[in-house]
Peer 1: 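Below is a structure I'd like to ask you about.
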Amino acid sequence: MIQKKRDGNGLKSEEIQFIIKGYTDGTIPDYQMSALTMAIYFQGMTEQERADLTMAMVESGDQIDLAKIKGIKVDKHSTGGVGDTTTLVLGPLVASVGVPVAKMSGRGLGHTGGTIDKLEAVSGFHVEIENEEFIQLVNQNKIAVIGQSGNLTPADKKLYSLRDVTATVNSIPLIASSIMSKKIAAGADAVVLDVKTGAGAFMKKIDDSRELAQAMVRIGNNVGRKTMAVISDMSQPLGFAIGNALEVKEAIDTLKGVGPDDLTELCLTLGSHMVFVGGKAESLSEARTLLEESIKSGRALETFKVFLASQGGDASVVDDPERLPQAKYIYELEAKSDGYVSEIIADEVGTAAMLLGAGRATKESVIDLAVGLVLKKKIGDQVKTGDSLLTIYSNFSDVTEVRNKLYNSITISEQKVDAPVLIHEEITE
């Protein structure tokens, strides 16, 4: 089989199942799997092979059965970024118009915490709930979040660790099947993908982001899950806030209709696709109108309150965000010259937030939920010397290293530049 793939030939469904089963149970050793992943890296895979690989990884472990949840269960996945608060907004927003959001989330490595870490900035909120209660909450409130099952797609976990040390991470078939296997195993009927592109994204170039988006959409549709993708910009952080409690506050603002323009627009775009594939609207424009009306009427915000309270959270933070964890020190990063913001290197700004304690450098790191950054200026904005570029929220007094990193990450030029395009493409086939 290694030789077949090395020579550019396709693998049959039963061969792929044999390989994944054997690698998961240890009968196929790492050195052979390394050779196969390198062959896939160079020779690629057909659409059928990608679908077969995805389903073999799905079948390697537990699969969540959401059949008892009424309606079309729609999941959303983002390929990551800096200040990516979309899930906190999208969950209650989409649920508020009747589309069930049964979300399985993890904790984050990197710049800031994962969705669960962010939600745990709300005192008392917990995701350690039994499956029965999870299903009951989704039927009752249209939204609930549970922690990831320990035995979901074990083949993918094992294969990813191998790819990480054999220089085969950047393979479209392997990335696409990895992401889609987790979404399908989590029980979704339909999947909406937010594929990032730009400096702060996994895929830096639009062509690579498009190829990945198309690959995942085709896998989803080939295995019977309605799948759509939006390619969105991550050349600068999304929204203003980077940090856990800070992002919860920004999500609340967005659900109130007073959030950052880019975060609001992306949530309405992704949310429209979720409502459309969820069967609650005949078109994307009708879906968007439903979501805009839900924000305006306060129904989206009320859904967020009910969601928090149902999982033990202090829902009063929605009306009084000061009840969220607060940092001891607040500093402004002041502009050193007049001009226009021409660049904000997203992943470097994210690293600065991690240095404050907002994210995990290793699995053992402890997150400080209160700390982070809030941008005051974005690309294209005019600044004068002394204007605040962003606010630093810290629990230690010396932020010299963070300041230096931030100054090196933000460029001010004399020439005005345009803000980057937020939504590059929407892919449905």
Peer 1: Could you tell me if H126 and E120 have a donor-acceptor pair between their side chains, going purely by distance under 3.5 Å?
Peer 2: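 H126 and E120 do not have a side-chain donor-acceptor pair below 3.5 Å.
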Peer 1: Atom NZ of residue position K249 - does it have more than 12 heavy atoms of other residues, nucleotides or ligands inside 6.0 Å?
Peer 2: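 Open: at most 12 neighbouring heavy atoms sit under 6.0 Å from NZ of K249.
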Peer 1: If you count heavy atoms of other groups shown closer than 6.0 angstrom to CG of D418, is the number above 12?
Peer 2: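 No.
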Peer 1: Should we say atom CZ of F202 is surrounded by more than 12 heavy atoms from elsewhere, each under 6.0 Å from it?
Peer 2: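 Yes, CZ of F202 has more than 12 neighbouring heavy atoms, counting only those of other groups under 6.0 Å.
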Peer 1: Measure across I379 and S342 and return the closest heavy-atom pair with its distance rounded to 0.1 Å.
Peer 2: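 Closest approach of I379 to S342, heavy atoms only: CG2-O, 4.0 Å.
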Peer 1: Would you give the length of the straight line joining atom NE2 of H273 to atom CZ of R288, rounded to the nearest 0.5 angstrom?
Peer 2: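 The NE2 atom of H273 sits 10.5 Å away from the CZ atom of R288.
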Peer 1: With no hydrogens and no angle check, just 3.5 Å: does a side-chain donor-acceptor pair link E293 and T289?
Peer 2: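 Per modelled atom types, E293 and T289 side chains form no pair under 3.5 Å.
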Peer 1: What I want to check is whether the side chains of K196 and S232 have a donor and an acceptor closer together than 3.5 Å.
Peer 2: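 A pair is found: one side chain offers a donor N or O, the other an acceptor, under 3.5 Å apart.
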Peer 1: Which heavy atom of M274 sits nearest to which heavy atom of V99, and what is that distance?
Peer 2: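 That would be O-CG1, 4.2 Å.
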Peer 1: Is the number of heavy atoms from other residues, nucleotides or ligands within 6.0 Å of CD (Q382) greater than 12?
Peer 2: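 Yes, because the 6.0 Å sphere around CD of Q382 holds more than 12 heavy atoms from other groups.
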Peer 1: Show your reasoning for whether salt bridge (Lys or Arg N to Asp or Glu O under 4.0 Å) applies to K73 and D189.
Peer 2: CA-CA 5 Å; K73 281 72 72 180; D189 298 317; 3.5 Å; yes
Peer 1: Quick one: do the S96 and T303 side chains pair a donor with an acceptor below 3.5 Å?
Peer 2: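 Per modelled atom types, S96 and T303 side chains form no pair under 3.5 Å.
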Peer 1: Count the heavy atoms belonging to other residues, nucleotides or ligands that lie under 6.0 Å from CG of N170, then report whether that count exceeds 12.
Peer 2: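 Atom CG in N170 is crowded, with more than 12 foreign heavy atoms closer than 6.0 Å.
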Peer 1: Is the number of heavy atoms from other residues, nucleotides or ligands within 6.0 Å of NZ (K280) greater than 12?
Peer 2: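 Count not over threshold, so no.
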Peer 1: Consider side-chain contact (heavy atoms from CB on, under 4.5 Å). Of D117, V122, T115, I116, which one does L119 pass it with?
Peer 2: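 Considering D117, V122, T115, I116, a side-chain contact (heavy atoms from CB on, under 4.5 Å) with L119 is found only for T115.
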Peer 1: Can you confirm whether more than 12 heavy atoms, excluding those of K416, are under 6.0 Å from its NZ atom?
Peer 2: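 Yes, because the 6.0 Å sphere around NZ of K416 holds more than 12 heavy atoms from other groups.
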Peer 1: Compare every heavy atom of N244 with every heavy atom of A358, then report the nearest pair and how far apart it is.
Peer 2: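 Shortest heavy-atom separation between A358 and N244 comes out as O-ND2, 2.9 Å.
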